[in-house]
Amino acid sequence: MSDCIFCNIVSGAFSSATIYENDEFKVILDRFPANEGHVLILVKEHVANLFEIDPDKAGRLFRLAALIAREMKTRLGFEHMNVMQNNGTIAGQTVFHFHLHLIPRYENDGIQIHYQPLELTDAQIEAMRKKLEMQL
Ligand code: AMP
Ligand code: ZN
């Protein structure tokens, strides 16, 4: 997709600060980071989001995320991390090419990544559980 920023980064047409690459994934620094050391794991193939990515590839991506996160923690000396992945505009996705955010968290960094929980009854939880109970 020639008009996709991340396809252009994957192909090398646009520059990126790349820290790791294999045949399926490219790992780069976010150009507009939420915090120091904010990393993005890009899938090389153009797929928009979690609803499109091959589930086995998503599994390999998360394996890579675990390896990269540990290496980042050792090198940067932080203790905590948010892993974020947005799917669709309502969910805050701005680049429609699958990517996983790894965001290091430092003491008193002031970064806000949170939501206000809904207050639900046990009956509402059970109604939702029934809707979603599944066999895969
Ligand atoms: P999302 O909002 O989940 O789609 O995240 C898109 C991310 O891509 C944002 O965190 C942006 O800062 C980042 N981004 C946008 N353009 C570039 C670029 N050229 N190089 C690296 N990261 C980028
Ligand atoms: Zn793309």
Side-chain angles (χ1 to χ4, degrees):
M1 296 245 312
S2 61
D3 57 347
C4 170
I5 300 172
F6 287 172
C7 279
N8 279 290
I9 284 177
V10 165
S11 73
F14 292 175
S15 67
S16 63
T18 302
I19 64 166
Y20 176 81
E21 188 164 9
N22 65 19
D23 57 338
E24 288 185 308
F25 309 110
K26 187 163 185 163
V27 185
I28 67 170
L29 295 184
D30 195 301
R31 187 65 187 78
F32 312 97
N35 213 354
E36 291 199 21
H38 182 165
V39 158
L40 300 175
I41 303 182
L42 312 184
V43 176
K44 286 194 167 178
E45 173 197 18
H46 181 91
V47 287
N49 55 40
L50 191 61
F51 307 114
E52 288 188 6
I53 191 171
D54 171 67
D56 291 330
K57 188 177 284 193
R60 292 190 292 278
L61 180 138
F62 216 79
R63 175 189 177 277
L64 178 63
L67 295 172
I68 301 262
R70 282 160 218 207
E71 193 65 29
M72 289 170 66
K73 187 172 184 284
T74 304
R75 306 257 194 121
L76 301 182
F78 59 79
E79 287 298 323
H80 301 158
M81 170 178 276
N82 289 107
V83 175
M84 198 171 77
Q85 202 271 309
N86 300 323
N87 299 282
T89 48
I90 299 169
Q93 188 174 13
T94 58
V95 179
F96 301 95
H97 176 130
F98 190 105
H99 54 284
L100 189 75
H101 296 258
L102 302 181
I103 306 176
R105 299 304 304 273
Y106 306 88
E107 195 71 37
N108 300 318
D109 62 17
I111 308 298
Q112 307 234 340
I113 304 175
H114 64 226
Y115 56 87
Q116 193 63 37
L118 299 176
E119 292 183 18
L120 299 183
T121 63
D122 288 350
Q124 287 172 308
I125 293 286
E126 176 56 12
M128 183 57 76
R129 191 197 68 75
K130 278 192 183 138
K131 272 191 190 171
L132 291 179
E133 187 177 29
M134 59 187 86
Q135 311 264 320
L136 299 173

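Just so it is clear, the values below take in all heavy atoms, side chains as well, and ignore hydrogens, waters and symmetry mates.
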Open item on the list: Can you confirm whether I90 is buried at CD1, in the sense that more than 12 heavy atoms of other residues, nucleotides or ligands lie under 6.0 Å from that atom?
Closed with: no

TODO: Can you see which heavy atom on L102 is nearest to which on A69, and at what distance?
DONE: CD1-N, 4.4 Å

- [ ] Measure the spacing between CZ of F96 and SG of C7 and express it to the nearest 0.5 Å.
- [x] 14.0 Å

Open item on the list: Consider salt bridge (charged side-chain N to carboxylate O under 4.0 Å, His left out). Of R63, R60, K44, which one does E24 pass it with?
Closed with: R60

TODO: Apply the test side-chain contact (heavy atoms from CB on, under 4.5 Å) to residues K26 and T18: give CA-CA distance (whole Å), side-chain angles for both, the deciding distance (0.1 Å), then the verdict.
DONE: CA-CA 7 Å; K26 187 163 185 163; T18 302; 3.3 Å; yes

Task: Transitive ILVMFWY side-chain link V47 to V95, under 4.5 Å - done: no

Task: hydrophobic_cluster_shared for Y106 and M72, side chain cutoff 4.5 Å - done: yes

Open item on the list: Can you list, by chain and residue number, the hydrophobic cluster partners of M84 when the side-chain cut-off is 4.5 Å?
Closed with: I103, I111, I113

Open item on the list: Within the 4.5 Å heavy-atom criterion, are V39 and L29 side-chain neighbours or not?
Closed with: yes

Open item on the list: Under the ring pair (Phe, Tyr, Trp, His ring centres under 6.0 Å) definition, can you give me all pairs with a residue in residues 18-38, not counting sequence neighbours?
Closed with: H38-H101

TODO: Could you work out the complete set of other residues in the hydrophobic cluster of L120, with links drawn between I, L, V, M, F, W and Y side chains under 4.5 Å apart?
DONE: L118, I125

Open item on the list: Quick check: is V27 connected to I9 through a chain of hydrophobic side chains (ILVMFWY, heavy atoms under 4.5 Å apart)?
Closed with: no

Task: I41 to L64 - nearest heavy-atom pair and separation - done: CG2-CD2, 4.1 Å

Task: Separation of E119 CD from T121 OG1 (nearest 0.5 Å) - done: 11.5 Å

Open item on the list: Please say yes or no: joined through hydrophobic side-chain contacts below 4.5 Å, possibly via intermediate residues, are V43 and F14 part of one cluster?
Closed with: no

Open item on the list: So does G12 get a backbone contact from the side chain of S16, meaning a donor-acceptor N/O pair under 3.5 Å?
Closed with: no

Task: Heavy-atom closest contact (P104 atom, N35 atom, distance) - done: O-ND2, 2.9 Å

- [ ] To the nearest 0.5 angstrom, please state how far the CD1 atom of I68 sits from the CD1 atom of I19.
- [x] 5.0 Å

Task: Side-chain donor or acceptor of H99 paired with backbone N/O of H97 under 3.5 Å - done: yes

- [ ] Please name the pair of heavy atoms, one in F78 and one in H80, separated by the smallest distance, quoted to 0.1 Å.
- [x] CD1-O, 3.2 Å

Task: Residue N22 excluded, over 12 heavy atoms near CG under 6.0 Å - done: yes

Open item on the list: Can you give me the closest heavy-atom contact between A65 and L100, atom names plus distance?
Closed with: CB-CD2, 3.7 Å

Open item on the list: Can you tell me how far apart CZ (F62) and CD (Q85) are? Round to the nearest 0.5 Å.
Closed with: 10.0 Å

Open item on the list: If you compare all heavy atoms of N49 against all heavy atoms of F98, which two are closest, and at what distance to 0.1 Å?
Closed with: C-CD1, 3.5 Å

Open item on the list: So E126 and R129, do their side chains get closer than 4.5 Å, heavy atoms only?
Closed with: yes

